[in-house]
Number of protein chains: 2
Amino acid sequence: MIFSKACEYGIRATVLIAQHSLNGERVGLKVIAKEIASPEAFTAKILQTLSRNKIVSSIKGPRGGFEIPIVNMENLRLYQIVKAIDGEELMEECGLGLKACNPEKPCPIHHQFKDIRTNLVKMLRETTVHDLAIGMKDGATFLKV
Amino acid sequence: MIFSKACEYGIRATVLIAQHSLNGERVGLKVIAKEIASPEAFTAKILQTLSRNKIVSSIKGPRGGFEIPIVNMENLRLYQIVKAIDGEELMEECGLGLKACNPEKPCPIHHQFKDIRTNLVKMLRETTVHDLAIGMKDGATFLKV
DNA sequence: ATATATTAAGACCTTTTTATCTTTTAATTG
DNA sequence: CAATTAAAAGATAAAAAGGTCTTAATATAT
């Protein structure tokens, strides 16, 4: 898979939280785990990472839960989620794992990969969580497992 | 990373073997592991997988080693190596790991991902090991770690 | 035929990723 | 302020990926 399992859950959770935030609602861990069909305790860990990285806001106590202010959502990119969970390796490092790979000393698949990598990064940098939440709200996209 | 470590080593090994095969030489495990800077025993396992999948030919005994007949090389695609080692998940499955994701019920990032995925598969299906071996022979590409 | 060089196979170990459980901290409400 | 609800943190466990070691099988050359 392109993202780790943790990252898949992280993106799914973020989109779900964003969708609820569009309605001015917070969502708790239990609901998130159920809605995105992820293991609850593992999801909690991932949400902690997202919270530490200011990707989601968490509020403790009764009526607490997770939310993403709409203002933030509009400037929050997929790139930031992937970076927070999987790091930037996918976006930056050589497809064959060669540290010495660069345009002057390219690896055997360097050129074949370049455009794919560029487009992936472009997509991750351009796509906002707001875009994704709107897609869900409109019924154009789904988080069905 | 986009490929597993095993797959990175597998591609690197295949390209190295192909390059030697262009010169009519076989390469043994020790040389391969040294040239691509991979752990020898682990590389042996990966070469077994490649051999079982008819991606490389192996010859035992003195003057044995690995080779790829040039005729095969010209029709051998990156896709087959990745499929043999990592499977087809990267090429086929939903970016968010949703089994139910399809064009009628797309996941939140389905459309953003579609073209990237298509281009990746296209590249893996079009790039032959012969292409990569020629690049190495010409000194246009490198397996330097 | 025998010794040797080489890959194949299988058991084993280590590290990382995925996942769970328990305890602590913090916010809300009565 | 006490009780309750919810997330944070940390310790632990299971599974998968990454990696090693030993023994077997097989081809070659003498």
Side-chain angles (χ1 to χ4, degrees), chain A residues 1-14 16-17 20 25-34 36-68 82 84-87 89-90 96-97 145, chain B residues 1-14 16-17 20-21 25-34 36-68 82 84-87 89-90 96-97:
Chain A
M1 39 188 144
I2 186 112
F3 304 127
S4 71
K5 216 100 220 16
C7 193
E8 287 182 2
Y9 295 149
I11 296 171
R12 280 150 63 178
T14 303
L16 185 83
I17 295 165
H20 281 266
E25 302 160 7
R26 286 179 191 151
V27 230
L29 170 63
K30 282 202 179 62
V31 172
I32 295 170
K34 198 179 172 196
I36 69 170
S38 62
E40 193 176 311
F42 190 40
T43 306
K45 289 274 112 143
I46 297 160
L47 287 168
Q48 283 173 37
T49 301
L50 294 177
S51 178
R52 260 185 261 111
N53 284 275
K54 317 267 186 215
I55 288 162
V56 303
S57 314
S58 74
I59 296 94
K60 288 181 181 175
R63 308 197 148 267
F66 297 88
E67 65 180 22
I68 307 174
V82 176
I85 301 176
D86 283 349
E89 207 177 354
L90 174 65
L96 295 185
V145 184
Chain B
M1 38 191 146
I2 186 111
F3 304 127
S4 70
K5 217 99 219 19
C7 193
E8 287 181 1
Y9 295 149
I11 296 172
R12 280 151 62 177
T14 303
L16 186 83
I17 295 164
H20 281 267
S21 291
E25 304 159 5
R26 287 180 191 150
V27 228
L29 172 62
K30 282 203 180 61
V31 172
I32 295 170
K34 197 179 173 196
I36 70 171
S38 62
E40 193 177 312
F42 190 38
T43 305
K45 289 272 111 144
I46 296 160
L47 287 168
Q48 283 174 36
T49 301
L50 294 176
S51 178
R52 261 185 260 112
N53 284 275
K54 318 267 186 216
I55 288 162
V56 303
S57 314
S58 74
I59 297 94
K60 287 180 181 175
R63 310 195 146 268
F66 297 88
E67 64 181 23
I68 306 175
V82 177
I85 301 176
D86 283 349
E89 206 177 355
L90 174 66
L96 295 185

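Lettering of chains follows the sequences in order, A, B, ..., and the numbering in each one begins at 1.
Counting to the nearest Å, the P atom of D/dA7 and the CD atom of A/Gln48 are 11 Å from each other. Between the C1' atom of D/dA7 and the CZ atom of A/Arg63 lies a distance of 17 Å, rounded to the nearest Å.
Residue contacts shown for A/Arg26 are absent, as no nucleic acid heavy atom lies under 4.0 Å away. If you check every strand for non-hydrogen atoms under 4.0 Å, B/Leu47 touches nothing.
Rounding to the nearest 0.5 Å gives a distance of 10.5 Å between CD of A/Glu8 and CD1 of A/Ile36. Separating the CD1 atom in A/Ile46 from the CD1 atom in A/Ile32 is a distance of 11.0 Å, to the nearest 0.5 Å. In this structure, CG on B/Leu47 lies 10.5 Å from CD on B/Glu40, to the nearest 0.5 angstrom.
A/Phe3 has its side chain within reach of A/Leu90: a pair of non-hydrogen atoms, C-beta onward, lies under 4.5 Å apart. Two residues are said to be in side-chain contact when any heavy atoms from C-beta on lie closer than 4.5 Å; A/Arg12 and A/Val145 meet this criterion. Side-chain contact check for B/Ile17 versus B/Leu50: every heavy-atom pair is 4.5 Å or farther apart.
Checked by atom type and distance alone, the side chain of A/Asn53 pairs as donor or acceptor with a backbone atom of A/Thr49 at under 3.5 Å. Looking at B/Thr14, its side chain does come within 3.5 Å of a backbone N or O of B/Gly10 through a donor-acceptor pair.
Between A/Ser51 and D/dA8, a side-chain N or O to OP1/OP2 separation shorter than 4.0 Å is present. For A/Arg52, a side-chain nitrogen or oxygen approaches OP1 or OP2 of D/dA9 to under 4.0 Å.
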Per-nucleotide protein contact string for nucleotides 17-26 of chain D (B base, S sugar-phosphate only, - none; heavy atom under 4.0 Å): -SBBB---BB

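Using a 4.0 Å cutoff to heavy atoms of chain A, the contacted part of DNA chain C runs 5' to 3' from C/dT18 to C/dT29.
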